[in-house]
Colleague: 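Have a look at this one before I ask anything.
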Amino acid sequence: MNATERIKNILASENIGMINLSAPYRDELYITVAGADFVKTCNVLHKRLDCAVMMLFAEDLRAVTPGVFAVYCCFLSIQTH
C-alpha cells in the first residue's frame, strides 16, 4: 500500500472527511480537511503514523476570502517507503 492509500484509509477509519489529497512530489503529501477536523487529523496522523510534528504555520488568505486563514501542520516521517 502506498502512502496516499494509507493516509486515505487512516482518515476514513477515523471518520475524517478529506477534502483533497495531492502528492506534488514523491516525498510530500498535502491533505486538506475541514477546519473542524484539523486538530483531530493532526492527532490521528501523529499517533497512527508515529510522525513528529515539525512545523505549524498559517497563511493569511483574507485578500482572497475575507476572514479566511489556511493552517498547515508539517509532519516528518523517518520511515522509508
Side-chain angles (χ1 to χ4, degrees):
M1 177 183 319
N2 67 30
T4 302
E5 290 302 317
R6 186 170 181 208
I7 296 291
K8 286 180 181 179
N9 289 341
I10 289 170
L11 296 181
S13 73
E14 297 287 338
N15 295 317
I16 296 171
M18 183 175 53
I19 297 169
N20 188 35
L21 187 139
S22 64
Y25 304 101
R26 189 177 65 86
D27 61 348
E28 291 183 21
L29 291 176
Y30 290 82
I31 306 161
T32 304
V33 297
D37 287 332
F38 180 77
V39 172
K40 182 178 180 182
T41 302
C42 291
N43 285 327
V44 165
L45 294 178
H46 171 67
K47 291 176 184 173
R48 299 269 302 266
L49 298 176
D50 193 27
C51 293
V53 175
M54 299 306 292
M55 285 187 287
L56 187 66
F57 61 96
E59 178 181 12
D60 184 352
L61 300 174
R62 292 178 294 178
V64 179
T65 308
V68 174
F69 289 82
V71 181
Y72 299 88
C73 184
C74 301
F75 295 91
L76 174 65
S77 175
I78 58 172
Q79 299 176 8
T80 58
H81 302 283

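Keep in mind the model is a prediction, meaning the values are calculated, not measured.
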Colleague: Side-chain heavy atoms under 4.5 angstrom apart, residues restricted to Ile, Leu, Val, Met, Phe, Trp, Tyr: same cluster for L49 and F38?
Modeller: no
Colleague: Quick check for you: to the nearest 0.5 Å, what is the distance between E14 atom CD and D37 atom CG?
Modeller: 11.0 Å
Colleague: When you compare the side chain of N2 with that of R6, does any pair of heavy atoms fall below 4.5 Å?
Modeller: no
Colleague: Decide yes or no for L61 and E59: does some side-chain heavy atom of the first lie under 4.5 Å from some side-chain heavy atom of the second?
Modeller: yes
Colleague: Is there a path of hydrophobic side-chain contacts, each under 4.5 Å between heavy atoms of I, L, V, M, F, W or Y residues, that connects M55 with F75?
Modeller: no
Colleague: Going through the distances and angles, do N9 and L11 end up as a side chain to side chain contact (heavy atoms under 4.5 Å, CB included)?
Modeller: CA-CA 6 Å; N9 289 341; L11 296 181; over 6 Å; no
Colleague: Do the side chains of L45 and I7 get nearer than 4.5 Å, heavy atoms only?
Modeller: yes
Colleague: Check the pair I31, N20 against side chain to side chain contact (heavy atoms under 4.5 Å, CB included), reporting the backbone distance first and the verdict last.
Modeller: CA-CA 6 Å; I31 306 161; N20 188 35; over 6 Å; no
Colleague: Kindly give the heavy-atom pair with the smallest separation between R62 and F69, and that separation in Å.
Modeller: NE-CZ, 3.6 Å
Colleague: Side chains of C73 and V53, heavy atoms from C-beta outward: is any pair under 4.5 Å?
Modeller: yes
Colleague: Are any non-hydrogen side-chain atoms of E28 and S22 less than 4.5 angstrom apart?
Modeller: no
Colleague: Heavy-atom distance under 4.5 Å between the side chains of I16 and V33, does that happen here?
Modeller: yes
